[in-house]
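Step one of this worksheet: look at the structure below.
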Amino acid sequence: MSWMFMRGSIWKYLQCGQYGRTGDSLHHFPPAFFFNSEPEEVLSIDEPSASADEEMDSAILFGVMRGNVVGLSYYTGVVNNNEMVALQREPSNPYDKNAVKVNNVNGDQVGHIKRELAAALAHIMDSRLAKVEGVVPFGAKNVFTMPVQLSFWGKDENRQVVLNHLKQYGFKLDPMAKGFGSNWITKRAGPSYSAPVLPAVQMSAEQLMTEFDKLFEDLKEDDKTREMEPAEVVGTPLLPHQKQALAWMVSRENSKELPLFWEQRNNLYYNTLTNFAEKEKPENVLGGILGDDMGLGKTLEAIALILTNFHDGKPLPVEKRENDQSYQKCNVTEKPEKCEKGNTNKLGKRKCEKGISKLHKEATCSFQKDTDFDLALAEPATKVKRKAMKKGAIVSQCSAKVVSEKKTRATLIVCPLSVLSNWIDQFEQHVKPTVHLNIYVYYGPDRSKESAVLSKQDVVLTTYSVLTHDYACRSNSPLHKVKWLRVVLDEGHTIRNPNAQQTKAAVDLEAERRWILTGTPIQNSLKDLWSLFCFLKLKPFADREWWHRTIQRPVTMGDQEGLRRLQALVKNITLRRTKTSKVNGKAVLELPERKVFVQHITLSEDERQIYESVKNESSAVIGRYFNEGTVLTHYADVLALLVRLRQLCCHPHLAKNTSFSGIPGDSTPEELQEKLVNKIKLVLSSGSDEECTICLDSLTFPVITQCAHVFCKPCICQVIRSEQPDAKCPLCRSELRLEHLVEFPLEESETSVVEKKSKEWLPSSKVSALMHSLTELRKKNPMIKSLIVSQFTAFLSIIETPLRESGFVFVRLDGSLTQKKRIEAIQCFQSSAPESPTIMLLSLKAGGVGLNLTAASRVFLMDPAWNPAAEEQCFDRCHRLGQKKEVIITKFIVKNSVEENMVKIQDKKRELAAGAFGTKKMSSSEMKQAKIKEIKALIDI
DNA sequence: ACCGCCGGGTGCC
DNA sequence: ACCGCCGGGTGCC
């Protein structure tokens, strides 16, 4: 199993923390299992293109036949020998409703499929019985007609239907037999698109992972190891690997080479995959994917790039500040008012208090979530940071000097809201203070709609939500009018869903150079990668058909050649270093060692007694569900029981407020409401990996329906809107009402619950073990700082008591803190002052991507996480760039308990996560089986 | 299109 | 000749 790709899943996890803050979402645990649904039902809500895509993933070759393309002289599209062509239905054709257009790789029409054949194909294509693909064997000199080799791909169960249908029209498919068939395609239609005769042996996921591992294992290529000094205005000295990144990025931006798989032949540029040729030189991708692992300094690398490579390798011309006077003039002089923590309204949006100057609210007021739904723009929300404004619009007005360059100099940076302020900080930190850089934060209701304002900037910062929102009304979106010098997508894996508006909004930006920053370039599936290639405008892969035919299908079918192509492609445009990767054999970053210990805990007799009795009760209930076959319909209840057991492993008091709700029956609306709230809280906080079955992504803005199914609010609202007046639950078809949706109460503090109990405080075996370790550690070295991590914030509260009693100074970081308090807590903890806290109580999922707790070199993980990636992410908060000490992690696991079983499941998940790339999602029945197995394993049935 | 097909002109040897 | 044959017009769907 590869460590590197473990990181991948961790990163995905991180990303969930950032947006949803609620659920894990491992790709191999699609949502269907929980909701007891068939994926087909879900797909029907999705765009047709998405489902077509799914179908193609499992397509087999039905056979091939020869056909004819006619009417060539009427169209401009030309085709080479052995060039791939696309077939497209044209039902609106006035002469023949069966018409089938033939287009070349460029999308130019070449001709039509001959009438009689089109008559046979129309139905097959319209009802998606098969995808029909063409290759023209001799295309070059045909004037009126040309032959085309058609291959039919589809689901196995449609094979006979297609064959019979064709037969009715007098056509017959040749099976892809040796000799003519496969040879023909293989040898003549570009490099190997061969379809094995036997059922495809899928390359195992592990194999694929290993193959990809090798790509970045040890970077030896010249262009990735050469170093470059940044422009003089970059105030921070770059580390060697950062100079390498800069050199590589600059070389990519200034590349005059042809893109991969293109050759110059005679006077034409020739694509060796599709055999397409054209006169115009295909643009290379002036950019790529910066896939460095977190902590290696992607932000700094990007800032260095912006300042260092303006045109022809020359640095960005910037204004030097003569004295601070000119700067002062530009300042926002009005003193910003403080904005108190907003109240949380029904939608979970945090509103700032009324009457506060719109312009000068602090980051504290900003939305915690960056979702399409947050309607941030309609709200009187925020300027993200006052200093942003300082540098932003107001400054730019007085920086009269416009660089004579006709081209725009502006770089657009798109990032999640949670890292927006980080970008501003980093610019401030890394750009010499003597330099004036125009940075405009395009965010908030007062953002300029003048594209001229934006194009004048050096840097424009915005968020994915704003980008997507603007895209919806493109005509009014300056973002989409400016021809950017450069667009940088930070946390670029957020555009991994090619059907999402967010992705489309990003792809639609016009830019000379395009970059994706992400810690997880290769996340789960090839399709994720395709989104990135779309954004990079990688010819010809931005078109799904060519991507599919040249890369995705060959790879998923186990074609070695296809895999090599994919590898070459990824390697060509990606720079990725991990904490452990090496450059010419030398570690890119020396990190101190990290050791994980498991401390087994034996429950006291009293604790064991309670545990066993609850366990027996739970086993009985779950056993009954098993017998009834209703485990999955009672999934939330099962989770509740399991959570209770896990809590009992930590502290008996914890389990008291997780009552088993049972089946909602004749309860009052208030009770039902409460039960639903409890259910959604449970599902989201249990650490199981739930996803929204509509967007198939991690839950953003989770809501629960009356029928107890959880979706993203935007997703389910769209369903309700489109199915009005009688919308049905996508999962169980029960009636849906907008007003019945129950939301996940954000950031609820659980301290009140525990405070009541604090009078009757009792220790537990686990707490005692922790306290023992902590006091021992303090004796040994009182300066060492520790993280105490739990998924149960109430447990953290319980731990507070003995910490106080033993005189430990500690801070606490969990989801209930405001942004401001959060920052305070982190700064306080990171401080090296002698009286600074040595302990941080940390809720497992608190904080976003960048949470840096390197002051700690000890981690006490109080309870095992459902998802091992969550633990890894948590460990990485202190085991990262800047950590000077050895990191020692202690995991407390109660013997003979659900916790031990969770550890076993974790191990299995690690294996799965390592192999997630290139595998399809499990079918819903496989999923159910997996989930049932998991529950069985957890409760020992 | 150096084809096929259409339809008009034409018609012993 | 209700044929054959000739040669011009013509041509995706």
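In what follows, chains carry the letters A, B, and so on, assigned in the order in which the sequence lines appear, proteins first and then strands, with residues in each chain numbered from 1. Keep in mind it's a predicted model, so treat the numbers as computed, not measured. These numbers come from the heavy atoms of this one structure, side chains and all, not from hydrogens, waters or symmetry mates.
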Using Watson-Crick or G-U wobble geometry with both distances under 3.5 Å, which nucleotide pairs with dG11(C)?
dC3(B)
Whole Å only: how far is the NZ atom of K114(A) from the C1' atom of dC13(C)?
11 Å
Relative to each other, are the rings of H480(A) and Y471(A) parallel, tilted or perpendicular (30° and 60° limits)?
tilted
Say you pick atom P in dG9(B) and the same atom in dC13(B); how far apart are they, in whole Å?
23 Å
Pi stacking test for Y95(A) and dC12(C): under 5.5 Å apart, planes under 30°
no
Scan N93(A) against the nucleic acid and name what it touches under 4.0 Å (heavy atoms): base, sugar-phosphate only, or nothing.
base
Do the rings of F533(A) and W547(A) sit parallel, tilted or perpendicular, given the 30° and 60° boundaries?
perpendicular
Taking the side chain as C-beta and beyond, is there a heavy-atom pair between H548(A) and W530(A) under 4.5 Å?
no
If you compare all heavy atoms of K281(A) against all heavy atoms of K256(A), which two are closest, and at what distance to 0.1 Å?
NZ-O, 2.9 Å
As a quick check of understanding, evaluate side chain to side chain contact (heavy atoms under 4.5 Å, CB included) for Y75(A) and K101(A), giving each step before the final call.
CA-CA 11 Å; Y75(A) 306 101; K101(A) 290 207 287 183; over 6 Å; no
Once you round it to whole Å, what is the distance between P of dC13(C) and CZ of R89(A)?
14 Å
Taking only nitrogen or oxygen atoms into account, show me every contact under 3.5 Å that the protein makes with nucleotides 1-3 of chain B, one pair per line with its distance.
none

Using the six-membered ring of F535(A), assess whether NZ or CZ of R514(A) lies under 6.0 Å from its centre and within 45 degrees of the ring axis.
yes
Indicate, with a heavy-atom threshold strictly under 4.0 Å, whether I113(A) touches base, sugar-phosphate, or nothing.
sugar-phosphate
Which distance, rounded to the nearest 0.5 Å, do you find between the CG of N104(A) and the CG of N275(A)?
12.5 Å
For the pair made of CD in E116(A) and P in dC5(B), what is the distance, rounded to whole Å?
12 Å
Calculate the interatomic distance between L72(A) atom CG and dG11(C) atom C1'; express it in whole Å.
12 Å
Nearest-angstrom distance, P atom, dC6(B) to dG11(B)
24 Å
Classify the nucleic acid contact of K101(A) as base, sugar-phosphate or nothing, counting any heavy atom under 4.0 Å across all strands shown.
nothing
How many whole angstroms separate atom OH of Y74(A) from atom C1' of dT10(C)?
9 Å
Whole-Å C1' distance, dG8(B) and dC12(B):
22 Å
